[in-house]
Amino acid sequence: MSDGYPTAAQKEALRLICDHGLLHTQELGHQLVSARRSSTDPGYAPAIARMAGTLAWRLEAQGFIAATGDEWTTTADGRRLISCSSGPE
């Protein structure tokens, strides 16, 4: 996170949450892994999946997503940031 500006990885996570409506952190991790090219490194997929929690925490701190129960949803600011029309108004 740099001075409140989301990183490329944060924007990718935000887009995935917006596209799916609601996502658990674990499902966000699976989606992040699926969105990338595969790797022969056995630690690659688990590392990407672990990153999901950190990305969600930072996006929530910036006001781009909010917790709805145990799932994440985008806020109006988050949807505006990535020009996503999905989600609650």
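None of the values given here were measured: they were computed from a predicted structure.
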**OP:** Name all residues meeting the side-chain hydrogen bond (donor to acceptor under 3.5 Å, both in side chains) criterion together with H24; count only those two or more places apart in sequence or in a different chain, and write none if there are none.
**Re:** E71
As an exercise, state the distance from [atom1] of [X] to [atom2] of [Y], rounded to the nearest 0.5 Å.
{"X": "W72", "Y": "I17", "atom1": "CH2", "atom2": "CD1", "answer": "7.5 Å"}
{"X": "D19", "Y": "I82", "atom1": "CG", "atom2": "CD1", "answer": "7.0 Å"}
{"X": "E60", "Y": "T75", "atom1": "CD", "atom2": "OG1", "answer": "10.0 Å"}
{"X": "H20", "Y": "E27", "atom1": "NE2", "atom2": "CD", "answer": "6.5 Å"}
{"X": "T7", "Y": "L59", "atom1": "OG1", "atom2": "CG", "answer": "7.5 Å"}

Original post:
Judged by atom type as modelled, is there a donor-acceptor pair below 3.5 Å linking the side chain of T25 to the main-chain atoms of G53?
Top reply: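 Not a single qualifying donor-acceptor pair exists.
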Subject >> Flag side-chain contact, heavy atom, 4.5 Å: C84 against T74 >> reply: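 C84 vs T74: side chains apart.
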Original post:
Do M51 and L23 share a hydrophobic cluster (ILVMFWY, side-chain heavy atoms under 4.5 Å, transitive)?
Top reply: yes
Subject >> Same cluster (ILVMFWY, side-chain, under 4.5 Å), L28 and L22 >> reply: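 Shared cluster, no.
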Subject >> Between Q31 and S34: side-chain donor-acceptor atoms closer than 3.5 Å >> reply: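 No, S34 and Q31 have no side-chain donor paired with an acceptor closer than 3.5 Å.
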Original post:
What's the shortest heavy-atom distance between L55 and A13, and which atoms?
Top reply: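 Taking every non-hydrogen atom into account, CD1-CB, 4.0 Å.
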Original post:
Between P6 and Q62, what is the shortest heavy-atom contact and its length?
Top reply: N-NE2, 3.9 Å
Original post:
Considering residues at least two apart in sequence or located in another chain, which fulfil the salt bridge (Lys or Arg N to Asp or Glu O under 4.0 Å) criterion with E12?
Top reply: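 Salt bridge (Lys or Arg N to Asp or Glu O under 4.0 Å) check on E12 returns R36.
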Subject >> Residues in salt bridge (Lys or Arg N to Asp or Glu O under 4.0 Å) contact with R50, at least two apart in sequence or another chain >> reply: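 Scan of R50 (salt bridge (Lys or Arg N to Asp or Glu O under 4.0 Å), adjacent residues dropped) gives none.
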